[in-house]
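First comes the structure, then the notes that go with it.
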There are 2 protein chains.
Amino acid sequence: LARKAKELARISRKIERFITKYLSTSSAKGVVVGLSGGLDSSVVMKLAVNALGPEKVLGLIMPAHPTPEQDVRDAVELAKSNGIEYKVIDISPIVDMYIQKIPENVRAAGNLAARVRMNILYYYAALNDYIVAGTSDKSERLIGFFTKFGDGAADILPIAELYKTEVRELASYLRIPAAITEKKSSPRLWTGHLAEEEIGFSYDDLDPMLQLLVDKKKSEKIVAEKLGVPLSEVKKAKNMIDRSAHKRKATPMAEL
Amino acid sequence: LARKAKELARISRKIERFITKYLSTSSAKGVVVGLSGGLDSSVVMKLAVNALGPEKVLGLIMPAHPTPEQDVRDAVELAKSNGIEYKVIDISPIVDMYIQKIPENVRAAGNLAARVRMNILYYYAALNDYIVAGTSDKSERLIGFFTKFGDGAADILPIAELYKTEVRELASYLRIPAAITEKKSSPRLWTGHLAEEEIGFSYDDLDPMLQLLVDKKKSEKIVAEKLGVPLSEVKKAKNMIDRSAHKRKATPMAEL
């Protein structure tokens with residue numbers, strides 16, 4: 001346990017230095033981060049505050065129709081207790097205005113909301129000469145569980161090399177309140193949307209598979225044996241990784 | 001001249017094959033492209049039609065406040081004459097709804113409009129199981145003259161390896177009407193916005209500098225000598241390339 005705390009301290013310092021260094025090499029004055037009241041964005045905000053001080057961190061809380069009121073309260077509470085400037089911007093009138101112009105579709109509207117948030121983060125970044133800190137974690141990135149050019153779009157990705165289960169440990173180390181760290185993961189793209197339900201795995205089951213498949217480059221068969229899970233489950237995870245490759249890669253250009 | 005026509009034919013075929021191939025390896029059914037009535041988007045649409053047939057190409061024409069009426073007419077005319085499905089969606093009520101929620105700023109609003117268009121392109125892509133074809137050319141990309149996660153965001157970039165002056169030649173070869181090929185370049189992010197004015201170079205002057213600096217990796221001094229232009233001008237172009245590097249690279253992640 002002492003060793004784990006030491007490792008978490010090392011990781012925090014490393015990410016904080018990354019944020020400080022990027023800000024000083026770009027000419028930006030601070031960082032803007034979207035606060036959902038969930039795990040990832042709370043951790044990114046906390047690391048940014050540790051790195052830069054609260055006066056250089058702006059938190060935008062952007063609820064839409066499917067956002068539970070409790071998420072907004074948790075995000076506001078966290079912003080206040082960390083002493084950062086924050087704004088609550090209800091994006092549902094904006095999403096509704098799009099829907100007046102384009103055909104209604106629940107799933108497409110979920111991704112649209114994620115992109116509307118990105119638009120507003122970049123708008124405030126431009127107003128303040130700030131950069132946008134993204135909140136994607138490694139589990140989400142690897143299985144493509146994010147909106148391309150939505151929550152996946154940012155100037156820096158501080159926790160993109162940490163699995164969801166590691167982010168949860170880091171959050172406790174950083175003393176993020178349990179109301180947030182113990183909340184079930186959800187992008188809240190529609191009412192009742194839960195990450196683990198949509199993915200079909202719990203992160204506790206998924207992360208060890210991803211680690212072996214991606215970091216250790218083990219075959220599906222070896223992973224199934226090592227973890228004692230059915231091969232079909234490992235194949236399912238591998239398929240998610242492969243099918244979402246285009247979301248992690250640079251956009252392909254026609255060569256001449 | 002005959003050699004130039006042959007070269008343009010080769011380039012067209014190469015880009016058309018790229019589009020066809022990407023579509024068949026992804027499981028998408030067609031391509032959606034934003035039509036501005038300008039050069040780049042017209043060429044991308046035409047190449048997509050040549051590659052896939054008009055029934056697999058959807059054109060979205062998305063004027064905002066600063067868009068001249070003539071641009072809309074040119075885009076509609078081109079869509080009709082190519083037999084593709086198209087929609088005209090006035091995005092100004094959407095942009096205005098954002099501005100009700102966030103502080104007004106002309107320049108930030110310009111980038112916002114580019115991102116709103118991206119959002120709508122991806123929305124229609126999701127509805128139809130299409131991919132988004134981006135319209136960035138090499139000149140714009142190299143100097144960063146595009147909106148990050150706006151017009152720069154797409155699933156494929158068919159003309160991103162062609163300089164603006166080459167796109168213009170290709171457009172004539174593809175029989176895009178002169179009303180479009182001879183129009184002054186403009187992202188139309190605000191009224192009176194002209195590309196060459198904002199950039200501070202004409203593309204005829206800029207492209208040879210970019211070619212020598214980037215493709216031939218020549219020093220600023222050599223480029224100035226070769227082209228007979230002041231060193232300060234070459235340094236200015238080089239500075240644009242360097243400062244926009246973050247817009248072309250993958251988002252930096254904190255390593256652990």
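Letters go in sequence order (proteins before strands), and every chain restarts at 1. This one's a predicted model, so the numbers in the text were calculated from it and none came from an experiment.
- There is a side-chain donor-acceptor pair under 3.5 Å between A/D155 and A/Y122.
- Interatomic distance, B/H65 NE2 to B/T67 OG1, rounded to the nearest 0.5 Å: 9.5 Å.
- Ranking A/N105, A/D96, A/I159, A/T147 against chain B, the residue ahead of the rest is A/N105, based on heavy-atom pairs under 4.5 Å.
- Highest contact tally toward chain B, considering only A/A153, A/S26, A/A250, A/A126, is held by A/A153 [criterion: heavy-atom pairs under 4.5 Å].
- No other option in A/R17, A/R107, A/K148 has as many heavy-atom pairs under 4.5 Å with chain B as A/K148.
- A salt bridge links B/D242 with B/K238: the closest approach of a Lys/Arg side-chain nitrogen to an acidic carboxylate oxygen falls below 4.0 angstrom.
- Side chains of A/S172 and A/R168: a donor-acceptor N/O pair is absent below 3.5 angstrom, by distance only.
- When heavy atoms are compared at a cutoff of 4.5 Å, A/L60 does not approach chain B at all.
- Side-chain contact between A/L39 and A/I176 is absent, with no heavy atoms from C-beta onward closer than 4.5 Å.
- In this structure, B/Y203 and B/E166 have side chains that are not in contact, with every pair of non-hydrogen atoms separated by 4.5 Å or more.
- Proximity to chain B at a heavy-atom threshold of 4.5 Å picks out nothing from residues 28-35 of chain A.
- Ring geometry for A/F18 versus A/Y22: interplanar angle of 30 to 60°, hence tilted.
- Of the atoms belonging to A/K101, heavy atoms from both backbone and side chain fall under 4.5 Å from chain B.
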Problem - A/E7 vs A/K4, salt bridge (charged side-chain N to carboxylate O under 4.0 Å, His left out): CA-CA, chis, key distance, verdict - result: CA-CA 5 Å; A/E7 174 65 1; A/K4 176 148 276 182; over 6 Å; no
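- Looking at A/I94, the atoms closer than 4.5 Å to chain B (heavy atoms on both sides) sit in the backbone and in the side chain alike.
- By number of non-hydrogen pairs under 4.5 angstrom with chain B, the leading residue of A/K247, A/M118, A/K249, A/R248 is A/M118.
- Looking only at heavy-atom pairs under 4.5 Å with chain A, the residue among B/L162, B/I91, B/V116 that has the most is B/V116.
- The shortest heavy-atom contact between A/L127 and B/A108 is CD2-CB, 4.4 Å.
- Note on B/D207 versus B/K164: no salt bridge recorded, every NZ/NE/NH1/NH2 to OD/OE distance being 4.0 Å or above.
- Judged by a 6.0 Å distance limit and a 45° cone about the ring axis, B/K87 is not positioned over the six-membered ring of B/Y124.
- Between A/A64 and A/D90, the closest heavy-atom pair is CA-OD1, 4.4 Å.
- Chain B is approached within less than 4.5 Å, heavy atom to heavy atom, by no residue from residues 40-52 of chain A.
- Between A/Y123 and B/Y98, the ring centre distance reaches or exceeds 6.0 Å.
- When the candidates B/G150, B/A254, B/A114, B/A154 are compared by the number of heavy-atom contacts under 4.5 Å with chain A, B/A254 comes out ahead.
- Under a 4.0 Å N-O distance rule, the pair B/D215/B/K138 qualifies as a salt bridge.
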